[in-house]
Amino acid sequence: MEMKKHLLAKGTRFETPYYVIHGKSKGKSMMLTAGVHGNEIASILAAERLVDLLKKNRLRIEKGTLIVVPIVNRQAHKLRIRGIPDLNRTFPRSEKDKARHRLSVALFQLAKQYQPAWYVDLHEANGLSKINPQRLGQTLIANPKNAAIPAIKRIVAHVNRPIVQNQSSLRCACGIYRARDAMPHITY
């Protein structure tokens, strides 16, 4: 396994590290991002923990390539705010549309470079849990014709089981949404 640190949006005020981990043998790639919203700390901690476990060889990538961007929006993270602008609103909404922020442009270029079979974008369900603290939320997005649909349905079934925390049961609200692109995309 080989792990290298790089910089996304290098040379700009939005510069942030990302890691490319190559397994022992060739295979598909997967991209994982966190911290698109600076106030979603759990997603950032999860991505940083993953990178730390890989650095310490407590986890290994045997096949393929993993790209991890632990904190996409460092400026928003420093201020513990969602982001100004909300980075999620700067990504293209159609094939003809273009990204409208340097970070979203850089993220799209990175995804285009590695062509991940899976793109996992970690978030927190702040809005849903504020409405009902007994609920968590996640979103799974894939092109309806994508071969990943059966895997996504299995993930939904697994994640929607009750989660026991401090002797109370939490339920996850989930939906499968259709996306124009052919890349499976998980938001959790």
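Hydrogens, waters and symmetry mates play no part in the numbers below; they use all other heavy atoms, side chains included. Keep in mind the model is a prediction, meaning the values are calculated, not measured.
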Apply side chain to side chain donor-acceptor pair (under 3.5 Å) to residues E40 and H123 and explain how you reach the verdict. CA-CA 6 Å; E40 295 180 0; H123 283 271; 2.9 Å; yes
Checking I71 against E48 for the side-chain contact (heavy atoms from CB on, under 4.5 Å) test, could you report, in this order, the C-alpha distance in whole Å, the side-chain angles of both residues, the deciding distance, and whether it holds? CA-CA 8 Å; I71 307 174; E48 288 176 334; 3.4 Å; yes
Report the distance from atom OG1 of T33 to atom CG of N73, rounding to the nearest 0.5 Å. 11.5 Å
Between E15 and R13, is there a side-chain N and carboxylate O pair less than 4.0 Å apart? no
W118 CH2 to M31 CE distance, which is reported to the nearest 0.5 Å: 15.5 Å
Answer with yes or no whether the hydrophobic clustering places F108 together with V72; edges join I, L, V, M, F, W, Y residues whose side-chain heavy atoms lie under 4.5 Å apart. yes
Is there a side-chain contact between I41 and H77 (heavy atoms, below 4.5 Å)? yes
So does L79 have more than 12 non-hydrogen atoms from other groups sitting under 6.0 Å from CG? yes
Close side-chain approach of Y18 to T16, heavy-atom, < 4.5 Å: no
Is the number of heavy atoms from other residues, nucleotides or ligands under 6.0 Å of R58 CZ greater than 12? no
Would D86 and H37 satisfy side chain to side chain donor-acceptor pair (under 3.5 Å), going step by step from the backbone distance to the final call? CA-CA 7 Å; D86 179 344; H37 297 129; 2.8 Å; yes
Looking only at heavy atoms, what is the nearest atom pair of L54 and L59, with distance? CD2-O, 3.5 Å
So do M30 and T65 actually touch side chain to side chain, heavy atoms under 4.5 Å? no
Could you tell me which non-hydrogen atom of S29 sits nearest to which non-hydrogen atom of P116, and how far apart they are? OG-CA, 3.0 Å
Compare all side-chain heavy atoms of V36 with those of D121 and state whether any distance is below 4.5 angstrom. yes
So do the side chains of S25 and K63 get within less than 4.5 Å of each other, counting heavy atoms only? yes
Rounding to 0.5 Å, atoms CG (L107) and CZ (R102) come to a distance of 15.5 Å
Does any non-hydrogen side-chain atom of R60 lie less than 4.5 Å from one of K24? yes
Minimal heavy-atom distance between A34 and A47, with the atoms involved, is CB-CB, 3.7 Å
Any idea which heavy atoms bring G35 and S43 closest together, and the distance? N-OG, 3.6 Å
Could you pull out the closest heavy-atom pair between M1 and I61, with the gap in Å? SD-N, 3.1 Å
So do the side chains of P92 and K98 get within less than 4.5 Å of each other, counting heavy atoms only? no
Could you pull out the closest heavy-atom pair between L122 and A46, with the gap in Å? CD1-CB, 4.3 Å
Hey, any chance L87 and L110 share a hydrophobic cluster, counting ILVMFWY side chains that come within less than 4.5 Å of each other, even indirectly? yes
Step by step, would you call T90 with S104 a side chain to side chain donor-acceptor pair (under 3.5 Å)? CA-CA 7 Å; T90 67; S104 53; 3.1 Å; yes
Test log, rule ring-ring contact (aromatic ring centres under 6.0 Å, His included), inputs H101 and F91: CA-CA 8 Å; H101 191 279; F91 292 106; 9.1 Å; no
Value for CG (L45) from CG (D52), rounded to nearest 0.5 Å, stands at 11.5 Å
Can R93 and D97 be counted as an ion pair, charged N to O under 4.0 angstrom? no
Can you hop from I67 to I44 via hydrophobic side chains spaced under 4.5 Å? no
Supply the atom-to-atom distance K5 NZ to L7 CG, rounded to the nearest 0.5 angstrom. 7.0 Å
Reported CZ-to-CZ distance for the pair F14 and R74, which is rounded to 0.5 angstrom: 13.5 Å
How about CZ on R100, more than 12 heavy atoms from neighbouring residues, nucleotides or ligands closer than 6.0 Å, or not? yes
Grouping I, L, V, M, F, W and Y whenever their side-chain heavy atoms are under 4.5 Å apart, do V51 and L66 come out in a common cluster? yes
Following the transitive rule for hydrophobic clusters with a side-chain heavy-atom cut-off under 4.5 Å over Ile, Leu, Val, Met, Phe, Trp and Tyr, establish whether V120 and L53 coincide in one cluster. yes
Counting C-beta onward and ignoring hydrogens, is there a side-chain heavy-atom pair between V20 and Y114 closer than 4.5 Å? yes
